[in-house]
Amino acid sequence: MHSRNLAAALAATSLALASLAGPAAAQDADFATPFARAAHSAARLLSAGAPSGGVYRLGVEIALDPGTVTYWRSPGDAGAPPVLDFSGSENVAAVETLYPAPKHIAEAGMTVAGYDESLVFPLRVTAKKASAPVVLKLALDYAACAQICLPAKAKLSLALPQAGASPFAERLAAAETLVPRPIGAGEAQKIVEVARAGAGAWQLRYFGPGKAADVFIEAPEPYIIDSAADGQGGFALKLGEGKQQGAIEARATIRTEKGGVELPLKLD
């Protein structure tokens, strides 16, 4: 086939595919932004549809290239947490960002808390005035690390739909199941046991629903507390930075196959 005829055929095929995809693409556009490409990754906003009880359910999807890592809100020894700025939004009173339980990942001789596959951070968006349109605008900064770590940015804007069925509702519901359930100190005492194991060291055991796969400890500055499986069904916690002075009021995230739990933890 001559090159001119081949080009014409390809153009016709592209037009036909576009016409077939048109209605679905138009529907998706009502409930998601286009992907904003960045270093080793891309990001977009997804909507679950109309609000319920005055709250919109959304998510920030970060699609990672193979072999790429991004970070949790408390990365640990290295890395940069995602920064989500919604200050440019219209008719938005509050945005709550939820974080799926991370993994411990070996990176350049260090251990970080993050994600090594594409993910969604669920959002809860409350409007200032329920009857008025809402436009969510996000300035997103995150890190995408492949062979080298690079800063990634995205500016996203979505007019939140007031009605209609979202093609992303199931995807967002699945992402929400990966967010650890917050519990209070009373319930925490029933499912977590912490014992001193030396200076600046503790052993944590979990007795709650689901098998504990990993534990992450967030402590106030200047403390950093490392955690690792101890080979005895529990987890060894060790003060990696900061000299302990009195009890440390920390927060533990315990990842299980059911998403896990997030709870207050007192280390004395």
Side-chain angles (χ1 to χ4, degrees), residues 32-48 55-65 67-105 107-108 110-128 134-160 168 171-172 175-176 178-180 182 216-225 241 250-251 253 255 262:
T33 65
F35 272 111
R37 184 69 192 172
H40 306 306
S41 61
R44 65 175 174 172
L45 285 171
L46 305 175
S47 168
V55 177
Y56 294 85
R57 292 171 47 242
L58 291 97
V60 180
E61 180 179 11
I62 297 180
L64 298 172
D65 292 351
T68 301
V69 168
T70 194
Y71 300 101
W72 189 45
R73 66 186 179 215
S74 298
D77 294 337
V83 177
L84 297 87
D85 180 1
F86 298 100
S87 61
S89 300
E90 300 173 17
N91 189 33
V92 169
V95 180
E96 180 185 11
T97 303
L98 306 177
Y99 293 85
K103 300 177 181 179
H104 274 123
I105 301 169
E107 182 183 79
M110 295 177 287
T111 300
V112 299
Y115 311 94
D116 57 4
E117 56 189 2
S118 299
L119 73 149
V120 174
F121 295 113
L123 305 175
R124 297 286 182 272
V125 179
T126 304
K128 288 181 180 178
V134 176
V135 179
L136 190 69
K137 296 183 180 181
L138 168 61
L140 173 65
D141 287 85
Y142 61 103
C145 296
Q147 292 183 341
I148 61 172
C149 279
L150 294 172
K153 296 179 179 289
K155 288 193 175 182
L156 306 168
S157 178
L158 183 65
L160 304 192
F168 305 106
R171 175 79 189 280
L172 288 168
E176 290 163 358
L178 302 178
V179 175
F216 304 84
I217 308 298
E218 296 173 272
E221 293 183 355
Y223 301 118
I224 291 179
I225 298 174
E241 192 167 313
R251 175 168 58 177
T253 295
R255 179 168 62 85
E262 181 180 299

Subject >> All side-chain hydrogen bond (donor to acceptor under 3.5 Å, both in side chains) counterparts of E176, not counting sequence neighbours >> reply: R57, R124
Original post:
Distance from I62 atom CD1 to R44 atom CZ, nearest 0.5 Å?
Top reply: 12.5 Å
**OP:** Return the minimal non-hydrogen interatomic distance between K128 and V92, and the atom names on each side.
**Re:** CE-O, 3.2 Å
**OP:** Hey, could you give me the OG1/NZ distance between T33 and K137, rounded to the nearest 0.5 Å?
**Re:** 13.5 Å
Original post:
Closest approach of V120 and A175, non-hydrogen atoms and distance?
Top reply: CB-CB, 3.8 Å
**OP:** For side-chain contact (heavy atoms from CB on, under 4.5 Å), just list the numbers for Y223 and I217, CA-CA rounded to whole Å, side-chain angles, deciding distance to a tenth of an Å, and then say yes or no.
**Re:** CA-CA 10 Å; Y223 301 118; I217 308 298; over 6 Å; no
Original post:
Looking only at heavy atoms, which two atoms of V112 and A78 are closest? And how far apart?
Top reply: CG1-O, 3.7 Å
Original post:
What are the two closest non-hydrogen atoms of A39 and P151, and how far apart are they?
Top reply: CB-O, 4.0 Å
Subject >> Residue pair S41 / Y142, side-chain donor-acceptor N/O under 3.5 Å >> reply: yes
Subject >> Smallest separation among heavy atoms of A43 and L140, with atom names >> reply: CB-CD2, 3.8 Å
Subject >> Student check: side-chain heavy atoms of S157 and V135 closer than 4.5 Å >> reply: yes
**OP:** Output the distance between atom OG1 (T70) and atom CD (E117), rounded to the nearest 0.5 Å.
**Re:** 12.5 Å
**OP:** May I ask you to say whether D65 pairs ionically with R37, meaning some side-chain N is under 4.0 Å from a carboxylate O?
**Re:** yes
Original post:
When rounded to the nearest 0.5 angstrom, what is the spacing between CG in L158 and CG in L138?
Top reply: 11.0 Å
Subject >> Short side-chain to backbone donor-acceptor contact, T111 and I105, under 3.5 Å >> reply: no
Original post:
Any side-chain heavy atom of Y56 sitting closer than 4.5 Å to one from V134?
Top reply: yes
Original post:
Is there a side-chain contact between F216 and S74 (heavy atoms, below 4.5 Å)?
Top reply: no
Original post:
Distance from E96 atom CD to T126 atom OG1, nearest 0.5 Å?
Top reply: 8.5 Å
Subject >> From L156 atom CG to L84 atom CG, the distance as rounded to the nearest 0.5 Å >> reply: 9.5 Å
**OP:** Determine the minimum heavy-atom distance between L46 and A32, stating which atoms define it.
**Re:** CD2-CB, 3.7 Å
Subject >> Pairwise side-chain contact, F168 with S47, heavy-atom cut-off 4.5 Å (strictly under) >> reply: no
Original post:
Less than 4.5 Å apart, any side-chain heavy atom of W72 and any of T253?
Top reply: yes
Original post:
Got P100 and F121 here, is their nearest side-chain heavy-atom distance under 4.5 Å?
Top reply: yes
Subject >> H104 and R255, any side-chain heavy atoms less than 4.5 Å apart >> reply: no
Original post:
Taking R251 for the side chain and E262 for the main chain, is one N or O donor matched with an acceptor at less than 3.5 Å?
Top reply: no
Subject >> Validation row: L123, L45 side chains within 4.5 angstrom (heavy atoms) >> reply: yes
Original post:
Between Y71 and E107, do the side chains contain an N or O donor and an N or O acceptor separated by less than 3.5 Å?
Top reply: yes
